[in-house]
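Heads up, the thing below is written out as structure tokens.
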Amino acid sequence: MPDSSSCKKKKKLTLVASEKGVATAEKALIRLGFESKSNFAVVHLSRSTVSKFFNQDPIQLDSFKIICEALKLKWQEIAGLTQESLDYEPIERQVKARPDIEERVTKTMLVRQVTILEKTSQKTKAVITLKGDIDSISNIQVIAAILKEYGGDTIQIADIQEGSIKLILEGSQEDIERLLSKIKSEELTEIDGFPVEDSQILRESSEDSESSEQKWRLVEEIVTNGIRERYLRGADLSDADLIDANLNEADLGYSNLSGADLSRANLRHAHLSDANLSDANLRGANLSWARLSGADLSGANLSDADLSDAKLSDANLSDANLSRANLIEANLSGANLSGTDLSGANLIEARLRGANLSGANLSGADLSNAYLGCADLSDANLSDANLSGAYLSDANLSGANLSGAQLRGANPINADLRGANLSGADLI
């Protein structure tokens, strides 16, 4: 069962394909018979994630690995973690040139180090656990270079996993033992500001990859059978391809659905409070009566989605696309809708008390009888919007474009209309 205590804001370590890595990946596409990148799809992974990979945008580590595996490539080489890419000046000079890296990585402590001897090869694996958030690592290339300097040229980062932060290294037995001996003798007490506390030897375990495997097994189950009324609080479904998935009444509170493709998915009555849906594709999804209070929907695509009667109080919808969305009687009190595209949206009788709509595009939107008391609509585009019967008491409409807007029966008591464009507006 997923951990319901997972934080919606928890960061995930991301990687970017190097320029050389993208070129290698594009050659792999041709080798595998794909005519173009648009024809290349990875099972259960959203297309937007694949596009980010080839555009050298950061994507989550597990997604990065899956794409490389599908292309039959080593993810370390595509990420630029090979020996050739780690040629560097002395570490001291490099860190001084990047004080931001030094400041951030020193907040994390090395608390445990273990080694595992592989029976089937001459390589030795070492697991270094760092105490702190996995995103505390500012530049993995710097860490890899430091480990090579202290251990030897054969040491490579074979994997990076959560719990807290695990760097799985591999290299020759000689180089790994050299690294360990320096730690045990206290010759090496810290690595670039990372204090070393302990080291121990363990047997090899399959637990390291268990979390990622569970994630994609769950995605497979959802795609195949749906998860109607299932309890999945805190589940990690980020970057997943969940088009047309049946998630009706599912409990996904505190879950991570960032970057997931949920277009046309059935999320009616779903519990998504405090979930991370940033940059998710929810185009045409059914979210009627869904509970999304406190959810992060920043940058999400919700165009043509049904959010009627949805609970979105205090949700973050900044820069989201809600064009033509159905938000009839939705509760958006205190929500952040700054910069959001709500053009043509249906907001009849929606509750927007104290909502932040600054700079939002509400052109042609229907806000009749909507409650906008104390809402911030500064610099918003409300051209041709229907605000008839809307409650606008104490609303901030300074600098707003209300040209051609319908304001009959609206209640603008104490509303701030300084600099607002009211040309052609119906105020009777």
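Here the structure is a predicted model, which is why all the values come from computation and not from measurement.
None of Val43, Val42, Val50 except one satisfies the side chain to side chain contact (heavy atoms under 4.5 Å, CB included) rule with Ile66; the exception is Val42. For the side chain to side chain contact (heavy atoms under 4.5 Å, CB included) with Leu317, the qualifying choice from Leu357, Leu302, Leu277, Asp296 is Leu302, the only one to do so.
The two residues Phe64 and Ala17 come nearest to each other via the heavy atoms CE1-N, 3.6 Å. Across all non-hydrogen atoms, the minimal contact from Leu347 to Ala370 is O-CB, 3.7 Å. What you find for Ala310 and Leu287 is that their closest heavy atoms are CB-O, 3.7 Å. Closest non-hydrogen pair, Leu71 versus Ala28, comes out as O-CB, 3.8 Å. Heavy-atom minimum distance, Leu342 versus Ala365: O-CB, 3.6 Å. Residues Ala415 and Leu397 come closest through the heavy atom pair CB-CD1, 4.4 Å.
A side-chain donor-acceptor contact under 3.5 Å links Arg47 to the backbone of Ser38. Side chain of Ser48 to main chain of Asp261: no donor-acceptor pair is present (N/O by atom type, distance under 3.5 Å, no hydrogens or angles). Judged purely by atom type and a 3.5 angstrom limit, Asp416 uses its side chain to pair as donor or acceptor with the backbone of Arg418.
No side-chain heavy atom of Glu349 sits less than 4.5 Å from a side-chain heavy atom of Ile328. Side chains of Gln60 and Asn256 form a contact here, defined as non-hydrogen atoms less than 4.5 Å apart. Two residues are said to be in side-chain contact when any heavy atoms from C-beta on lie closer than 4.5 Å; Leu232 and Ser255 fail this criterion. Considering only heavy atoms from C-beta on, Lys215 comes within 4.5 Å of Ser238 through its side chain. Taking 4.5 Å as the limit, some side-chain heavy atom of Ser263 sits within range of a side-chain heavy atom of Ile243. Taking the side chain as every heavy atom from C-beta outward, Ser368 and Ile348 approach each other to under 4.5 Å. The shortest distance between side-chain heavy atoms of Phe54 and Leu29 falls below 4.5 Å. In this structure, Leu242 and Val223 have side chains that are in contact, with non-hydrogen atoms separated by less than 4.5 Å.
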- Stepwise, does the side chain to side chain contact (heavy atoms under 4.5 Å, CB included) test hold for Ser313 with Asn331? CA-CA 6 Å; Ser313 56; Asn331 184 357; 4.3 Å; yes
- Please step through side chain to side chain contact (heavy atoms under 4.5 Å, CB included) for the pair Cys68 and Phe53, ending with a clear verdict. CA-CA 10 Å; Cys68 291; Phe53 172 86; 4.1 Å; yes
- Please report the C-alpha distance between Asn381 and Ser363 in whole Å, then the side-chain angles of each, then the deciding distance to 0.1 Å, and finally whether the side chain to side chain contact (heavy atoms under 4.5 Å, CB included) criterion is met. CA-CA 6 Å; Asn381 181 5; Ser363 59; 3.9 Å; yes
- Task: Apply side chain to side chain contact (heavy atoms under 4.5 Å, CB included) to the pair Asn401 and Ser383, showing each step before the final yes or no.
- Result: CA-CA 6 Å; Asn401 181 5; Ser383 58; 3.9 Å; yes
- Query: For Arg283 and Asp304, what are the C-alpha separation, side-chain angles and deciding distance, and is it a salt bridge (charged side-chain N to carboxylate O under 4.0 Å, His left out)?
  - Reply: CA-CA 6 Å; Arg283 182 182 179 88; Asp304 300 299; 3.6 Å; yes
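The CG atom of Asn386 sits 8.5 Å away from the CG atom of Asn369 when rounded to the nearest 0.5 Å. Here Leu61 contributes atom CG and Leu15 contributes atom CG; the two are 5.0 Å apart, rounded to the nearest 0.5 Å. Distance check: Glu69 CD to Asp62 CG gives 11.5 Å after rounding to the nearest 0.5 Å. Once rounded to the nearest 0.5 Å, the distance linking OG of Ser388 with CG of Leu367 reads 9.5 Å. Put simply, CG on Asn246 and CZ on Arg230 are 12.0 Å apart, with the number rounded to the nearest 0.5 Å. Annotation: the span from Lys311 atom NZ to Arg291 atom CZ amounts to 7.5 Å, rounded to 0.5 Å.
The salt bridge (charged side-chain N to carboxylate O under 4.0 Å, His left out) test applied to Glu249 returns Arg228, not counting sequence neighbours.
Side chains of Ser293 and Ser273: a donor on one and an acceptor on the other come within 3.5 Å. Counted by atom type alone, Tyr371 and Arg353 present one or more donor-acceptor pairs between their side chains at under 3.5 Å.
Counting heavy atoms of neighbouring residues, nucleotides and ligands inside a 6.0 Å radius, atom CD of Gln56 exceeds 12 of them.
In this pair, Phe40 and Phe34 present their aromatic rings perpendicular. The plane angle is above 60°, beyond the 30 to 60° band.
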